[in-house]
There are 2 protein chains.
Amino acid sequence: MKRSLEHIEYKENTEALARFAKALGHPTRIAILKHLDKQSCCFTGDLVDVFPLAQSTISQHLKELKNAGLIQGELKSPKIKYCINQENWKIAKSLFKEFFD
Amino acid sequence: MKRSLEHIEYKENTEALARFAKALGHPTRIAILKHLDKQSCCFTGDLVDVFPLAQSTISQHLKELKNAGLIQGELKSPKIKYCINQENWKIAKSLFKEFFD
DNA sequence: TATTCTTATCGTAAAGATACGATTGGTTTT
DNA sequence: AAAACCAATCGTATCTTTACGATAAGAATA
């Protein structure tokens, strides 16, 4: 991608909202979050059983959701328990709500 | 991208929501929609003046928003007037609302 | 008819996203 | 200590996205 030399300045909420939206921009990640919301929490292995995708692919999607702040992982040896990050979830929720009026 | 041979089946709303989210997944497109919402409608040229991006780049973002169904264009010769697609906007709004509870 | 105005599209380049298998790293169990 | 288990990361291939300038297409104006 040929980038503009100058960094475009958006209003603060604009970039935050776009970041959340981008993380939600893949059906697998939406499905993971729905699953997480229903189960409250779950392990990576559970998702590998649910989706016809390689373990590494699931892991990659989880990483993106984590980077966006929408989920968080907690070591429950030998597994990792993933849950919704409630704090950021609220922020995302309010940003979308505000955006759509 | 090496694709799975099989097409993954998601629930209907999952794909629809991901499609909307993907369209919102860029700060410029969020900013365009905010501008469109405030102004009610606008022309391509207005946006070119507002953002430090090439005309062709703006046009490409508008195309994506149009493909996602979030906006619609109307020929007002010699310009094109873009507005929010209220019908689909409502659908997107309700999908996000339902998703976040 | 020629010119101008406005926007879409084409061609292209660089970066990012998505998928996989294989490997690694850290725990737990044997 | 060895084996087994779970998940992250690495390396790789391919497709998509984002950006630009240049060109084309359409209608209005001179």
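In the text below, chain A, chain B and the rest are named by the order of the sequence lines, each starting its count at 1.
- At least one donor-acceptor pair under 3.5 Å links the side chain of A:Asn88 to the backbone N or O of A:Gly69.
- Protein atom NZ of B:Lys66 is 6 Å distant from nucleotide atom P of C:dT9, rounded to whole Å.
- Atom P of nucleotide C:dT28 and atom CZ of A:Phe43 are separated by 13 Å, given to the nearest angstrom.
- Results of the ring-ring contact (aromatic ring centres under 6.0 Å, His included) test with B:Phe99 over A:Phe100, A:Phe96, A:Trp89 single out A:Trp89 as the only residue that passes.
- As a whole-Å value, the separation of B:Glu64 CD from D:dT16 C1' is 10 Å.
- Set against C:dT7, D:dC20, D:dA8, the side chain of B:Ser56 has D:dC20 as its closest nucleotide.
- For the pair A:Leu75 CG and C:dT27 C1', the interatomic distance rounds to 8 Å; values are reported in whole Å.
- Taking the side chain of B:Pro78 as heavy atoms from C-beta on, and the options D:dA8, D:dT18, C:dT6, the nearest nucleotide is C:dT6.
- A donor and an acceptor atom sit less than 3.5 Å apart, one in the side chain of A:Gln55 and one in the base of D:dA8.
- For B:Asn67 and C:dA8, the CG to C1' distance is 13 Å, given to the nearest whole Å.
- Proximity of A:Lys22 to the phosphate of D:dT17: no side-chain N or O atom is located under 4.0 Å from OP1 or OP2.
- Side-chain N/O atoms of B:Thr44 and B:Lys79 include no donor and acceptor closer than 3.5 Å.
- In this structure, B:His26 does not reach the C:dA17 phosphate: none of its side-chain N or O atoms is under 4.0 Å from OP1 or OP2.
- In terms of modelled atom types and a separation under 3.5 Å, the side chain of B:Arg29 and the main chain of B:His61 share no donor-acceptor contact.
- Contact annotation for A:Thr57: base contact, defined as any heavy-atom pair under 4.0 Å involving a base atom.
- Here the P atom of nucleotide D:dA7 and the CD1 atom of A:Ile71 are 13 Å apart, to the nearest Å.
- Shown here for A:Cys42 and A:Leu36, the closest heavy-atom pair between the two residues is SG-CD1, 3.2 Å.
- Between B:His61 and D:dT17 there is no side-chain N or O to OP1 or OP2 distance below 4.0 Å.
- Regarding B:Ile58, its CD1 atom lies at a distance of 14 Å from the C1' atom of C:dT6, rounded to whole Å.
- The separation between B:Ile8 atom CD1 and C:dA19 atom C1' is 10 Å, rounded to whole Å.
- Projected onto DNA chain D by closest heavy-atom contact, B:Gly25 and A:Ser59 fall at different nucleotides, the more 5' of which corresponds to A:Ser59.
- Using a 4.0 Å heavy-atom cutoff across all strands shown, A:Gln60 reaches at least one base atom of the nucleic acid.
- Among C:dA8, D:dT9, C:dC20, the nucleotide with an atom closest to any side-chain atom of A:Lys63 is D:dT9.
- For B:Tyr82, counting side-chain heavy atoms from C-beta on, the closest listed nucleotide (C:dA8, C:dT18, D:dG21) is C:dA8.
- You'll find that the side chain of B:Leu53 is closest to D:dA19, out of D:dA19, D:dT18, D:dA7.
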